[in-house]
Amino acid sequence: MAKLTKLEDIVSLCKRRGFIFQSSEIYGGLASCYDYGPLGVELKNNVKKAWWKSVVQMRDDVVGIDCSILMHPLVWKASGHADQFADLIAECKKCNTRTRIDHLKDKPNESAEEHTEHIALAAAAAGAQDLSRKVCPACGAVGNFTQPMPFNLMFETNMGANVDDSMTLFLRPETAQGIFANFRNVLDSTRVKIPFGIAQIGKSFRNEITTKAFIFRTREFEQAELEFFCAPGTDDQWFVHWKQQRFNWYLNLGIKKENLRFREHEKDELAHYAKGCVDVEYKFPFGSGDWQELEGIANRTDYDLRQHQRGMRTLNSWYENKGDLSKIKLKEEAEDYLKGPLSYFDDEKKSRFIPYVIEPSAGMDRSTLAFLVDAYDEEEVRGETRNLLRFSPAIAPIKAGVFPLVNRDGMPEIARKIFDDLKKYFNCFYDDKGAIGRRYRRQDEAGTPFCITVDGQTTQDNTVTIRQRDSMEQIRLATDQLKTYVREKLDL
RNA sequence: GCGGGUGUAGCUUAGUGGUAAAGCUCCAGCCUUCCAAGCUGGUAAUGUGGGUUCGAUUCCCAUCACCCGCUCCA
């Protein structure tokens with residue numbers, strides 16, 4: 001990969017080719033928000049389709065769902081997000097460095113806890129007042145901190161146009177909870193049997209304290225998540241299974257092997273409910289060659305379904321407190337929670353249990369960008385630089401360009417007819433402007449894998465040339481075989 | 001949120017306290033039978049808001065956005 005060595009190069013490429021624009025750019029932009037342009041939306045849609053095909057369509061044991069972004073507030077009480085999806089940050093008055101207070105330590109030489117889970121806001125605020133002996137990890141100053149500043153990472157909004165009558169809701173910070181909330185519905189309506197999964201692609205929102213780095217961490221982003229429900233005791237094998245499945249998905253779609261790796265989470269880095277977690281990381285080509293997380297695969301145990309059983313028991317308390325989440329406490333788990341409303345009855349073994357959950361959760365925006373930069377290439381052809389995107393045909397925004405070699409002798413008419421026929425089956429682009437070489441190069445830049453050209457011979461024997469993006473080689477093909485030829489290349 | 005940097009046409013760059021320049025791209029036309037050819041013409045820019053000034057793209061202030069580093073990162 002040549003020349004694409006800085007984030008700026010990638011941003012520039014994305015804008016130049018119509019993949020990704022700054023949101024609200026004509027108004028000076030809006031931090032952390034980005035729009036997908038004409039090629040970008042095709043690319044991203046194809047990435048999502050490829051995920052859905054691999055995770056849902058090709059499997060007998062996974063079904064799909066599409067949940068609303070707004071959900072009952074108790075969902076977030078039960079999931080823990082309302083109380084715990086938050087950080088307390090204090091700023092060193094001496095050097096202005098901000099540090100999460102749970103990362104602060106008393107003595108300078110203690111090893112810092114690199115990753116700890118988010119903390120319960122209320123409890124931490126009460127217990128965290130005394131920072132007088134804490135040491136700033138940046139400059140070493142002792143006890144020189146501002147008051148801790150709380151950050152809740154969930155977006156709030158209001159439902160109901162009438163102000164007096166409106167209810168505060170949260171924009172979902174993950175799509176997963178919609179799946180857990182529908183576990184019973186899916187079970188009752190689709191004859192699925194454990195082990196099985198429910199998959200969803202959709203937008204999520206997090207008020208990240210810092211964003212930065214283009215679309216790697218944005219406050220509005222799209223996730224593709226699978227919650228795979230299995231019997232306790234089988235969770236480890238399913239964890240391994242999905243780990244492998246998901247890693248291969250990226251490779252099959254063309255990501256170079258040397259740019260992809262797993263990163264296992266350390267025990268102390270795991271969320272409190274997780275038994276295991278591994279990230280799929282991609283080595284982006286800029287800066288120091290940072291490995292960035294594309295996807296996390298976690299063993300969430302039976303935590304989520306058990307929590308929602310507690311949430312369901314809390315409903316009355318919620319009504320009694322007029323929906324004020326801060327005034328209610330999640331009800332304790334029932335003694336016989338294993339037989340609760342979100343449990344599963346195994347007919348063969350005549351046993352009832354709360355399923356364990358394996359969760360592969362992929363960032364669609366990050367993945368799309370990884371596919372884009374991984375496909376980027378420059379090469380020398382006859383002293384000229386050829387820029388191209390070597391997309392897998394499955395995710396290429398345009399599958400075929402259709403050209404008349406020259407604009408006469410009936411060639412445009414034939415090319416038009418071919419274009420009109422093929423566009424019913426896949427994205428095509430018709431171009432009759434300028435020299436043929438220029439048209440090929442334009443498609444190279446968009447990552448179009450095939451170009452079909454009508455020439456003088458076509459009028460005699462109904463064959464055309466079809467040119468390969470990567471090798472620039474051409475073969476002749478009968479026009480009635482074009483559809484089959486291209487479609488075969490689009491399947492994985 | 002801190003420190004540093006950047007912001008001129010779609011892209012890459014030039015330049016100046018006094019009419020903002022070029023290459024590529026793009027568009028129109030001519031010409032073209034397979035890889036960014038050539039010719040002619042054309043569209044198009046100083047992020048936003050103030051201030052200083054006769055006059056600001058240039059100097060100053062603010063603001064927005066992006067990049068680098070710190071910080072942070074279910």
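Heavy atoms only: backbone and side chains are in, while hydrogens, waters and symmetry mates are out. Residue numbering restarts at 1 for every chain, and letters A, B, ... go by the order of the sequence lines.
- Atom C1' of nucleotide B/U32 and atom CG of A/L405 are separated by 9 Å, given to the nearest angstrom.
- The residue A/D444 sits apart from the nucleic acid: no heavy atom pair falls under 4.0 Å.
- Side-chain atoms of A/Q474 come within donor-acceptor range of the base of B/C34, with a qualifying N/O pair under 3.5 Å.
- Here the side chain of A/Q22 is nearest to one of B/C34, B/C66, B/A28, namely B/C66.
- Seen from the ring of A/F155, A/R219 does not count as a face-on cation partner, given the 6.0 Å and 45° thresholds.
- Listed nucleotides B/C35, B/A74, B/A65 differ in distance to A/M472; the shortest reach to its side chain belongs to B/C35.
- Below the 3.5 angstrom threshold, one finds no donor paired with an acceptor across the side chain of A/Y27 and the base of B/C64.
- Ion pairing of A/R386 with A/E380 is absent here, as no side-chain N (NZ or NE/NH1/NH2) approaches a carboxylate O to less than 4.0 Å.
- Atom P of B/C35 sits at a distance of 43 Å from the matching atom of B/A20, rounded to the whole Å.
- Using a 30° and 60° split on the angle between ring planes, A/W76 and A/H81 fall in the perpendicular class, above 60°.
- Remark: B/C34 base-pairs with no nucleotide; criterion is Watson-Crick or G-U wobble with both hydrogen-bond distances under 3.5 Å.
- Counting non-hydrogen atoms under 4.0 angstrom, A/F21 reaches nothing in the nucleic acid.
- Out of B/C35, B/C11, B/C67, the shortest distance to the side chain of A/L7 is found at B/C67.
- In a base pair of the Watson-Crick type (N1 to N3 plus N6-O4 or O6-N4) or a G-U wobble (N1-O2 and O6-N3), with each distance short of 3.5 Å, B/G42 is matched with B/C26.
- Comparing atom distances between the A/R438 side chain and each of B/U33, B/C11, B/C26 picks out B/C26 as nearest.
- Along RNA chain B, the nucleotide closest to A/E174 and the one closest to A/A31 are compared, and the more 5′ of them pairs with A/A31.
- With a 3.5 Å ceiling on both atom-pair distances, the Watson-Crick or G-U wobble partner of B/G49 is B/C61.
- A salt bridge links A/K243 and A/E264; the closest N-O separation between the charged side-chain nitrogens and carboxylate oxygens is under 4.0 Å.
- B/A21: Watson-Crick or G-U partner is B/U13, with both key distances under 3.5 Å.
- Judged by distance alone, with hydrogens and angles left aside, A/S12 brings no side-chain donor or acceptor close enough to the base of B/C11 to form a pair under 3.5 Å.
- Across B/G29 and B/U43, the matching C1' atoms stand 15 Å from one another, rounded to whole Å.
- B/G51 and B/G17 have their C1' atoms separated by 15 Å, with the value rounded to a whole Å.
- With C1' as the reference atom, B/U13 and B/U6 are 14 Å apart, rounded to whole Å.
- In this structure, A/R16 does not reach the B/U12 phosphate: none of its side-chain N or O atoms is under 4.0 Å from OP1 or OP2.
- Across all strands shown, A/R408 has heavy atoms under 4.0 Å from base atoms, whether or not it also approaches the sugar-phosphate.
- Side-chain atoms of A/E445 and base atoms of B/A36 include a donor and an acceptor less than 3.5 Å apart.
- Across B/G18 and B/G5, the matching C1' atoms stand 30 Å from one another, rounded to whole Å.
- Taking the C1' atoms as reference points, B/A28 lies 25 Å from B/C34, given to the whole Å.
- Under the Watson-Crick and G-U wobble criteria, each requiring two contacts below 3.5 Å, nucleotide B/C66 is paired to B/G5.
- Comparing B/U57 with B/U48, their C1' atoms are spaced 14 Å from each other, to the whole Å.
- No more than 12 heavy atoms of other residues, nucleotides or ligands lie within 6.0 Å of OH in A/Y27, so this atom counts as exposed by the packing criterion.
- With distances taken from any side-chain atom of A/E384 to the nucleotides B/U33, B/A36, B/C66, the minimum falls on B/A36.
- Ring geometry for A/F229 versus A/F183: interplanar angle of 30 to 60°, hence tilted.
- Not one side-chain nitrogen or oxygen of A/R442 sits closer than 4.0 Å to the OP1 or OP2 atom of B/U25.
- Comparing B/C66, B/C34, B/U32 by their closest approach to the side chain of A/Y34 singles out B/C66.
- Taking atom C1' in both B/U33 and B/U12, one finds a spacing of 34 Å when rounded to whole Å.
- Among all heavy-atom pairs drawn from A/C230 and A/D235, the shortest one is SG-CA, 3.7 Å.
- Note on A/K15: a side-chain N or O is less than 4.0 Å away from OP1 or OP2 of B/C11.
- Below the 3.5 angstrom threshold, one finds no donor paired with an acceptor across the side chain of A/R467 and the base of B/C34.
- The side chain of A/F214 approaches B/C67 more closely than any other nucleotide in the set B/U32, B/C67, B/C35.
- Mapping A/G456 and A/R366 onto RNA chain B by nearest heavy atom places A/G456 closer to the 5' end of the strand.
- One finds no salt bridge joining A/E413 and A/R408 here, because no Lys/Arg side-chain nitrogen approaches an Asp/Glu carboxylate oxygen to under 4.0 Å.
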